[in-house]
Protein chains: 2
Amino acid sequence: MTAQPRRSDARRNRARLVEAATALFDEVGTDAASMNDIARRAGVGPGTLWRHFPDKDALTAEVVGRSLDGLAALAAELPGSPDDPDFLRQWVSALVRHITRYRGLAVRYAEAARSADGPLGARCRAVEEAAAGLLERARERGQVRADLTAPELIRLATAVAWASETAAPSDTTARLLDLVFEGVRPH
Amino acid sequence: MTAQPRRSDARRNRARLVEAATALFDEVGTDAASMNDIARRAGVGPGTLWRHFPDKDALTAEVVGRSLDGLAALAAELPGSPDDPDFLRQWVSALVRHITRYRGLAVRYAEAARSADGPLGARCRAVEEAAAGLLERARERGQVRADLTAPELIRLATAVAWASETAAPSDTTARLLDLVFEGVRPH
DNA sequence: ACCTGAACACCGTTCAAGT
DNA sequence: ACCTGAACACCGTTCAAGT
């Protein structure tokens with residue numbers, strides 16, 4: 001989201017920072033990766049990091065941005081699939097997979113989605129719009145409760161992502177998602 | 001959980017620390033309340049706090065312990081209620097209410113429930129056993145999916161608590177809980 | 001136009017020195 | 001037996017000084 005700098009050394013520094021942040025997010029998670037660590041890994045001073053990205057949200061948005069955009073694009077494709085009764089669940093599953101990509105991302109995503117401002121919040125709004133479109137189609141086919149809203153669906157997806165982040169076995173994600181879709185009560 | 005000290009000044013310090021922690025948890029949440037802040041508020045040095053409670057989990061367990069014990073007791077009473085079809089939901093609702101009592105508690109609870117050790121983890125195990133008992137009774141009456149386990153139910157409750165913690169309006173808790181019980185799909 | 005790195009107030013945590 | 005408070009390595013964040 002943040003604009004590309006003009007000077008070539010600045011562009012190189014920026015690229016290195018995003019690369020270092022991505023690597024550290026991958027290794028230790030969003031929270032444990034400190035700004036100073038990221039700057040050190042990129043081989044620049046802390047001031048340079050703060051100059052390129054005003055806060056951690058901006059940096060996070062840069063790292064996960066492309067993946068979030070892909071989600072909106074995926075939403076545009078899915079409803080075309082020939083009457084798959086589970087296309088909504090598939091998309092939500094993809095959303096959960098994205099949020100669990102880095103440890104700690106669920107919290108940042110939830111906060112950004114609530115305030116809806118900042119570079120990450122803007123991305124969340126786009127995802128919410130995509131969800132709203134899918135939800136409408138699912139509703140027409142009677143595949144979801146009529147009163148379910150897009151923010152609620154996303155909040156549930158984020159909650160599932162958070163829960164499988166703190167859980168021990170990683171395969172529980174699908175199970176939790178199933179429980180949310182089918183409900184705790186018997187159908 | 002931590003043993004009461006013998007010397008009277010130590011006992012007084014301990015009581016003041018728990019009081020200060022409770023107040024700060026209430027005002028700014030579990031995370032924002034730093035150990036140094038708590039010690040300062042209690043009028044003691046940081047070393048005294050660390051002597052009484054080896055880590056923040058022990059302190060948290062002391063603050064929320066009685067409330068958690070009450071939950072296990074509540075589980076023993078509920079099934080007696082004359083065939084209320086929603087007694088399980090009522091108990092889970094009480095669990096969620098407890099976890100949302102202090103901001104940041106959901107994360108600590110989830111981590112303690114996973115590792116199951118430490119003073120907070122011990123309490124989580126007791127809650128899980130209570131949930132297992134309720135779940136069995138609910139299953140006999142056909143009120144829940146036959147394959148639902150107690151850890152899963154608690155994980156869902158914790159996830160709902162976490163979600164309503166990060167959400168803007170506080171009344172969404174009941175709504176999220178309803179979605180989890182009834183499911184996203186129409187019944 | 002951009003980078004450097006010292007600096008500030010904080011954090012969790014420990015531990016020698018006291019009473 | 002228990003408390004004190006200085007100390008350490010860290011954190012996020014800023015900003016004068018450089019090129």
Side-chain angles (χ1 to χ4, degrees), chain A residues 2-21 23-25 27-63 103-105 107-108 111-112 118-120, chain B residues 2-21 23-25 27-63 103-105 107-108 111-112 118-120:
Chain A
T2 339
Q4 286 289 341
R6 284 205 292 280
R7 247 168 62 175
S8 66
D9 56 341
R11 266 206 306 275
R12 223 187 41 186
N13 278 339
R14 212 191 104 101
R16 280 184 181 170
L17 283 166
V18 174
E19 190 185 4
L24 276 171
F25 283 6
E27 291 169 21
V28 300
T30 300
D31 280 4
S34 81
M35 293 296 262
N36 285 334
D37 273 349
I38 294 168
R40 206 173 307 136
R41 174 107 162 208
V44 303
T48 306
L49 171 53
W50 288 91
R51 156 169 284 268
H52 281 283
F53 302 98
D55 51 30
K56 212 172 186 181
D57 249 43
L59 182 56
T60 308
E62 189 69 29
V63 171
R103 181 166 290 127
L105 187 57
V107 179
R108 298 193 167 274
E111 279 167 2
L120 197 53
Chain B
T2 339
Q4 287 289 344
R6 282 203 294 280
R7 247 168 61 174
S8 68
D9 58 340
R11 265 206 308 272
R12 223 186 43 187
N13 278 337
R14 212 191 105 101
R16 280 183 182 171
L17 283 165
V18 174
E19 191 186 3
L24 277 171
F25 282 6
E27 291 170 20
V28 300
T30 300
D31 280 3
S34 79
M35 294 295 262
N36 284 335
D37 273 349
I38 294 168
R40 207 173 306 136
R41 175 108 161 204
V44 302
T48 305
L49 171 54
W50 289 93
R51 157 170 282 269
H52 281 283
F53 303 97
D55 51 31
K56 212 172 186 180
D57 250 42
L59 182 56
T60 308
E62 189 67 30
V63 172
R103 181 166 289 127
L105 188 57
V107 179
R108 298 194 168 271
E111 281 167 1
L120 198 53

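Throughout, protein chains are lettered first and strands after them, A, B, ... in sequence-line order, and every chain is numbered starting at 1.
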On a heavy-atom basis, which atom in [X] and which in [Y] lie closest, and how many Å separate them?
X       : Y       : result
B:Ala39 : B:Gly45 : CB-O, 3.9 Å
B:Ala10 : B:His52 : O-CE1, 3.4 Å
B:Pro46 : B:Asn36 : CB-OD1, 3.6 Å

Any side-chain N or O of [X] under 4.0 Å from OP1/OP2 of [N]?
X       : N      : value
A:Asn13 : C:dC2  : no
B:Thr48 : D:dC2  : no
B:Ser34 : C:dG12 : yes
A:His52 : C:dC2  : no

> Does the side chain of B:Leu49 reach to within under 4.5 Å of the side chain of B:Asn13, using non-hydrogen atoms?
Replying inline: no
>> I'd like to know if the side chain of B:Thr48 and the backbone of B:Val44 have a donor-acceptor N/O pair within less than 3.5 Å.
In response: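 A pair under 3.5 Å: no.
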>> B:Asp31 vs B:Arg108, test: side chain to side chain contact (heavy atoms under 4.5 Å, CB included). Steps then yes/no.
In response: CA-CA 9 Å; B:Asp31 280 3; B:Arg108 298 194 168 271; 3.8 Å; yes
Output the rounded distance in Å from [atom1] ([X]) to [atom2] ([N]).
X       : N      : atom1 : atom2 : result
B:Asp55 : C:dG12 : CG    : P     : 12 Å
B:Met35 : D:dC8  : CE    : C1'   : 17 Å
B:Arg6  : D:dC2  : CZ    : P     : 6 Å
A:Asn36 : C:dC10 : CG    : P     : 17 Å
A:Lys56 : D:dC11 : NZ    : C1'   : 10 Å
B:Leu24 : C:dG12 : CG    : P     : 11 Å
B:Trp50 : D:dA6  : CH2   : P     : 19 Å
B:Phe53 : D:dC3  : CZ    : P     : 11 Å

> Does the distance from a Lys or Arg side-chain N to an Asp or Glu carboxylate O, for B:Arg40 and B:Asp37, drop under 4.0 Å?
Replying inline: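 So B:Arg40 pairs with B:Asp37 through a salt bridge.
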> If you measure from the P atom in D:dA9 to the same atom in C:dA6, how many Å do you get, rounded?
Replying inline: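 Pairwise P distance, D:dA9 against C:dA6, rounds to 16 Å.
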> Can you list the stems that include DNA chain C, where a stem is three or more consecutive Watson-Crick or G-U pairs with distances under 3.5 Å?
Replying inline: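 The stems are C:4-8 with D:12-16, C:12-16 with D:4-8.
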> Hey, does A:Asp37 reach any base, or is it just sugar-phosphate, or nothing, if we go heavy atoms under 4.0 Å?
Replying inline: sugar-phosphate
>> For B:Ala10 and B:Pro46, find the nucleotide of DNA chain D closest to each by heavy atoms; which residue's nucleotide sits nearer the 5' end?
In response: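 By nearest-heavy-atom nucleotide position, the 5'-most residue is B:Ala10.
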> Can you tell which of C:dC2, D:dC2, C:dC11 lies closest to the side chain of B:Asp9?
Replying inline: D:dC2
